[in-house]
Structures are given as C-alpha cells and as structure tokens.
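Below is one structure. I have some questions about it.
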2 protein chains.
Amino acid sequence: MVLSRTSQYAIQALIYIATQAPGVPVLNRDIAERLNVPAAYLAKILQNLCKHGLLDSFRGRLGGFCLREGMHKSTLMQVLLLTEGPDFTQNCILGLKRCSDETACPLHLRWKPVKNKIIAMMNDMTLEDLAKAVLTGKYRLADLPVAAMPAR
Amino acid sequence: MVLSRTSQYAIQALIYIATQAPGVPVLNRDIAERLNVPAAYLAKILQNLCKHGLLDSFRGRLGGFCLREGMHKSTLMQVLLLTEGPDFTQNCILGLKRCSDETACPLHLRWKPVKNKIIAMMNDMTLEDLAKAVLTGKYRLADLPVAAMPAR
DNA sequence: CTCCTTAAAGAGTTTTTTGTCCAAATTATA
DNA sequence: TATAATTTGGACAAAAAACTCTTTAAGGAG
Ligand code: SF4
Ligand code: SF4
C-alpha cells in the first residue's frame with residue numbers, strides 16, 4: 001500500500017521546492033524542518049536526485065537545491081523510477097518474478113486494472129501541478145500544523 | 001506498489017491450502033516447497049495465522065495446517081489486516097499521520113479513488129475464489145514452472 | 001511405551017532500510 | 001584573504017524486515 005520512506009521524502013521535498021521561487025536555491029535544512037524529516041537523511045536523497053538530473057545543487061553561501069531547468073514538468077513516475085528502482089512498474093502484488101498475462105497469479109485479473117490506474121496516475125501528476133495544489137492552501141505536505149505557508 | 005514479503009507468502013500459502021482437500025492437513029514443508037519459499041520463515045507466518053484464527057494446526061503424524069471451518073470465505077483484507085497491521089487501510093501514500101479530506105496531501109484528490117478501489121478489491125476477493133482460479137490451471141501461485149498441479 | 005513425525009516457541013543471524021556523524025570541498029561576502 | 005555557510009562523501013549506527021537454528025511439546029503408529 002505504501003511507498004518507501006525514501007520515496008515519500010523525495011516527493012515531499014520536490015513538491016516543496018517546486019512551490020518556491022524558481023532559481024532561488026532552497027536549503028536542505030529548511031526543507032527538512034518544513035517537512036519534519038531527518039535532515040542528514042534528506043540530504044542523501046536530494047544528492048541522489050541531483051545525480052540523476054532532477055535537481056541542481058549549489059554549495060556555500062546562497063547555496064541549496066533548485067529544480068533543474070524544465071524539471072517542473074517531471075512526473076511522479078520519473079521520481080519513483082529513481083527512488084523505488086527501475087522495475088517499479090514491473091514487480092507486483094504477489095512478488096512473482098515473471099509477470100505477464102500468460103504467467104499470471106490469481107490476483108491478476110483484478111489487480112492489473114488497478115495497477116494500470118496507479119501507473120497512469122503517477123505518469124500524469126507533475127511537480128508543477130502538485131506545487132500549485134499546495135499553494136492553494138487546501139493541501140498539506142507534512143503532518144505539522146502548517147507552521148508557515150511557503151514564503152517567497 | 002508492493003506488499004511485504006510476509007503478506008505475499010501468507011496470501012500464497014492460504015490460497016494454496018484452499019486449493020487442497022478441506023480437512024486434510026497440509027504440511028508446512030510441502031507448502032514451502034510448492035511456493036519456493038523459506039520453510040522456517042513460512043512456519044512463523046502460518047503460526048501467526050493460526051493464532052489469529054484463520055488456520056487450524058495439528059502436530060505429529062498426519063499433522064499440518066488446515067483452513068479453519070468457514071475461513072474459505074475469508075477476504076484478502078482480513079489477511080492483510082493481520083500481516084500488514086491494523087492500520088493497513090489508513091496509512092497512505094505520502095506517509096502523513098493524519099489523513100482526512102480536511103488534512104489532505106496534494107495527491108489526495110487523485111489517490112483516494114484508487115486507494116478505495118484497492119480496499120474494495122481486497123474486501124471482495126476470498127480465498128475460495130482465488131483457489132478456484134488457481135484450480136482452473138490458468139493462474140499460478142509461484143514462479144517455478146508449475147512442478148505439480150495441486151494434487152487431491 | 002517407544003519411536004517418528006510434525007508444529008510451537010524462542011533466540012539468534014543476516015540483510016535492507018533508515019538514519020547519524022564528521023571531515024572535506026566549495027562558494028559568497030566582508 | 002579569512003570566515004561563515006553550505007553541499008559532498010564516506011563511514012558508521014540503529015531499527016526493521018527477512019530468514020535460520022535449536023529445542024521442546026504433541027500426536028499417531030507400531
Ligand atoms: S497481478 Fe498480474 S502483474 Fe501482478 S503479480 Fe499477479 S500476475 Fe504479476
Ligand atoms: S492521498 Fe489522502 S489519504 Fe493518502 S496520504 Fe494523501 S491525504 Fe492521506
């Protein structure tokens with residue numbers, strides 16, 4: 001039913017960054033605080049997202065993380081393929097190695113449509129869209145009583 | 001996207017048992033072999049299912065595990081509430097502690113219908129149904145080239 | 001009663017995931 | 001140039017999940 005903590009943190013952080021003014025680096029520390037997430041762990045995750053081209057990072061004063069040019073249009077699927085692994089869409093509910101309509105487990109008939117819906121959904125949701133949703137104030141990114149709405 | 005290994009093994013084992021003649025105990029060893037799953041680990045899982053009333057167990061000669069009377073009608077949801085924990089249906093995609101329409105994360109609008117579909121599906125599928133599907137020969141429970149179809 | 005077979009119980013191990021710490025590299029700015 | 005702020009990288013630690021081993025209890029058959 002769930003994504004790994006790593007994926008959850010990655011998505012939360014990316015959406016948060018997407019809510020901020022583009023081009024202005026966001027501090028790892030600030031993201032961690034806002035999301036109420038361990039900062040050192042989050043840093044590792046963000047570094048990984050950098051390495052795979054979703055983020056740009058800047059060191060030193062005025063440093064931080066920015067969405068790389070054009071990456072506002074990234075989908076959740078692009079993120080999950082990084083954080084959950086490239087066979088995220090393959091491996092499936094009963095854990096069978098081979099999954100096809102021919103070598104199907106007994107859940108297949110019921111599960112496959114749902115799975116396809118999940119995949120379509122992840123392919124459809126962009127960071128930009130999700131950030132907009134957050135900026136309406138109707139949705140929250142973290143558990144804490146919204147300490148501060150995203151400043152800009 | 002996934003269930004825990006424990007849940008996968010539990011579901012596989014229960015369906016397998018449901019395909020066997022009722023009242024005749026099935027050996028842990030046989031289930032493990034058929035599913036290609038670690039026997040000692042599976043034993044723990046089956047013991048747990050016993051403790052929670054889904055299975056009956058018998059020791060000694062002619063021992064093994066049987067579905068408890070009436071439990072052919074058990075749903076996957078009943079199993080998952082045991083193996084994934086009682087808040088299986090609560091905790092959700094971004095990991096927020098509180099989840100409601102009022103305190104919703106930005107995925108909520110898209111995710112909730114899918115989540116409800118999953119829950120409905122799990123509530124709807126019974127061991128009996130799944131066992132029948134397996135017995136048609138069209139579906140498989142494990143990866144191995146079906147060594148032997150369920151004997152009875 | 002004795003032997004064999006099986007599950008039960010519990011402790012222990014291994015692997016994976018999650019999280020921490022610290023020293024180095026980089027950069028703006030005073 | 002010195003300083004403070006920041007990411008980077010690597011090693012490490014803790015927790016959780018997956019898996020194993022060993023011993024005991026129970027039950028059936030000779
Ligand atoms: S539902 Fe289909 S895709 Fe999923 S494990 Fe079963 S056979 Fe594979
Ligand atoms: S989608 Fe809805 S239920 Fe799921 S985490 Fe977001 S708010 Fe909670």
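Computation of the quantities below employed the complete heavy-atom set of this structure, encompassing side-chain atoms and omitting hydrogens, waters and symmetry-equivalent molecules. In what follows, chains are A, B, ... by sequence order, proteins preceding strands, each numbered from 1. Keep in mind it's a predicted model, so treat the numbers as computed, not measured.
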Hphob cluster co-occupancy, A:Leu76 + A:Leu81, side-chain heavy atoms under 4.5 angstrom: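 In one cluster with A:Leu76: A:Leu81, yes.
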B:Gln8 side chain vs A:Ile93 backbone, donor-acceptor pair below 3.5 Å: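 Yes.
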Check DNA chain C against residues 43-55 of chain A and give the residues with a non-hydrogen atom under 4.0 Å, in numerical order.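 Within residues 43-55 of chain A, the residues near DNA chain C are A:Lys44.
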If I take atom CG in residue B:Leu62 and atom C1' in nucleotide D:dA29, what distance separates them, rounded to the nearest angstrom?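 In whole Å, D:dA29 C1' and B:Leu62 CG are 9 Å from each other.
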Atom pair CG/OG of A:Leu49 and A:Ser57 - distance to nearest 0.5 Å: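 Result: 11.0 Å between the selected atoms.
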Pick the nucleotide of DNA chain C nearest each of A:Ala39 and B:Gly63; which residue has the one closer to the 5' end?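 Per heavy-atom nearest nucleotide, the more 5' residue is B:Gly63.
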Using atom CG of A:Leu42 as one end and atom C1' of D:dT6 as the other, report the distance to the nearest whole Å.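 So the two atoms are 14 Å apart, to the nearest Å.
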Within a strict 4.5 Å, meaning less than it, do heavy atoms of the A:His72 and A:Leu127 side chains meet?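 No, side chains not in contact.
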Looking at B:Ala120, is its backbone amide N or carbonyl O close enough to the side chain of B:Asp124 to form a donor-acceptor pair, meaning the two atoms are under 3.5 Å apart?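 No; judged by distance alone, with no hydrogens or angles, the pair does not exist.
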Atom pair distance, as rounded to whole Å: CZ in A:Arg29 and P in D:dT7: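 Roughly 8 Å, once rounded to whole Å.
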Exactly one of A:Val26, A:Thr19, A:Leu141 should register a side chain to side chain contact (heavy atoms under 4.5 Å, CB included) with A:Arg34. Which one does?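 The single option meeting the side chain to side chain contact (heavy atoms under 4.5 Å, CB included) with A:Arg34 is A:Leu141.
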Side-chain N or O of B:Thr6 less than 4.0 angstrom from OP1 or OP2 on D:dA18?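 So the side-chain polar atoms of B:Thr6 do come within 4.0 Å of the phosphate oxygens OP1 or OP2 of D:dA18, strictly under.
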Distance check needed: D:dT6 C1' versus A:Asp56 CG, whole Å only.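 Checked: the CG to C1' distance equals 16 Å.
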Could you tell me the separation between the CG atom of B:Leu27 and the P atom of D:dG28, rounded to a whole number of Å?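 Rounding to the nearest Å, CG of B:Leu27 and P of D:dG28 are 14 Å apart.
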Round to the nearest Å and state the distance from B:Phe58 atom CZ to D:dG28 atom P.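 Interatomic distance, CZ of B:Phe58 to P of D:dG28: 10 Å.
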A:Lys115 side-chain N/O to A:Thr89 backbone N/O, donor-acceptor pair under 3.5 Å: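 Between the backbone of A:Thr89 and the side chain of A:Lys115 there is a qualifying donor-acceptor contact (under 3.5 Å).
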Going 5' to 3' along DNA chain C, which nucleotides are the first and last within contact of chain A (any atom under 4.0 Å from a heavy atom)?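 Counting from the 5' end, contacts occupy C:dT18 to C:dT29.
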Give a yes or no on whether the backbone of A:Ile17 and the side-chain of A:Gln20 come within a donor-acceptor separation of less than 3.5 Å.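 Such a contact is absent between A:Gln20 side chain and A:Ile17 backbone.
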Taking C-beta and beyond as the side chain, do A:Pro113 and B:Lys117 meet within less than 4.5 Å on heavy atoms?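 No, too far: nothing below the 4.5 Å cut-off.
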Toward the 5' end of DNA chain D, which comes first, A:Arg61 or A:Ser57, by nearest nucleotide?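 It is A:Arg61, whose closest nucleotide lies nearer the 5' terminus.
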